[in-house]
Amino acid sequence: MNSSPPNLIPHRAQTLEVLRLMGKNRPILMLLGDEDGYGTRWLLDGQEIPPGIAKYLTQRGFIVESGATEFGVRKLVLTDSGDRLRQDGVRWWTSLGFFERLRIRILG
C-alpha cells in the first residue's frame, strides 16, 4: 500500500480493513438504489462501505463484478491486483508502530 502516495487511498486504515475482511472469498454486495432515494450502496457482511472507498477500489480495478445474486444484487470480488494490494497493505500495517497506526486512523 505504500507504493502509492498516501493521499490517493481514501481512509487508508478503513480501506485496508475492507480488503482484509474480503479476503479471497467474501464479495462486496452492490445494491443499486436510485429508485428508493438512497442511491447505490455497497455492503460487506451487512456493514455499509463508504462510497469513496468502494468507488476507489472499483475504478482502480481492485474489485470487479462477478455476477449477481438471485435477488439481482451485484457481487464484487477482489482481482489479482486487489489481492496483492491487500497483502501489501497487511504487511505495511504490521510494520507500523502503535502511534503511527493511531495517527493514520485519526488523520487518514
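Along the sequence shown, residues are numbered consecutively beginning with 1. The structure displayed is predicted, hence computed values, not measured ones.
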Legend entry - Cationic N near anionic O, under 4.0 Å, Arg103 to Glu100: no
Hydrophobic cluster membership, with links at side-chain heavy-atom distances under 4.5 Å among I/L/V/M/F/W/Y: are [X] and [Y] in one?
X      : Y      : value
Val64  : Leu85  : no
Ile63  : Val73  : no
Leu78  : Ile53  : yes
Met30  : Val77  : no
Leu102 : Leu107 : yes

Looking only at heavy atoms, which two atoms of [X] and [Y] are closest? And how far apart?
X     : Y     : value
Pro27 : Lys75 : CB-CB, 4.1 Å
Gln14 : Pro50 : NE2-CG, 3.4 Å
Leu8  : Tyr56 : O-CE1, 3.4 Å
Gly52 : Pro10 : O-CG, 3.8 Å

What's the separation between atom [atom1] in [X] and atom [atom2] in [Y], rounded to the nearest 0.5 Å?
X     : Y     : atom1 : atom2 : value
Leu43 : Ile49 : CG    : CD1   : 7.0 Å
Ile28 : Asp45 : CD1   : CG    : 10.0 Å
Asp83 : Lys24 : CG    : NZ    : 4.0 Å
Arg60 : Thr79 : CZ    : OG1   : 13.0 Å
Arg74 : Leu29 : CZ    : CG    : 12.5 Å
His11 : Glu17 : NE2   : CD    : 14.5 Å

Inset, instruction - Without swapping roles, check the side chain of Arg105 against the backbone of Ala13 for a donor-acceptor pair under 3.5 Å. - result: no
Inset, instruction - Test side-chain contact (heavy atoms from CB on, under 4.5 Å) on Arg12 and Trp92 and set out the steps. - result: CA-CA 11 Å; Arg12 291 180 293 169; Trp92 167 75; 3.8 Å; yes
Legend entry - Verdict with supporting geometry, Leu57 and Trp42, side-chain contact (heavy atoms from CB on, under 4.5 Å): CA-CA 11 Å; Leu57 293 173; Trp42 295 268; over 6 Å; no
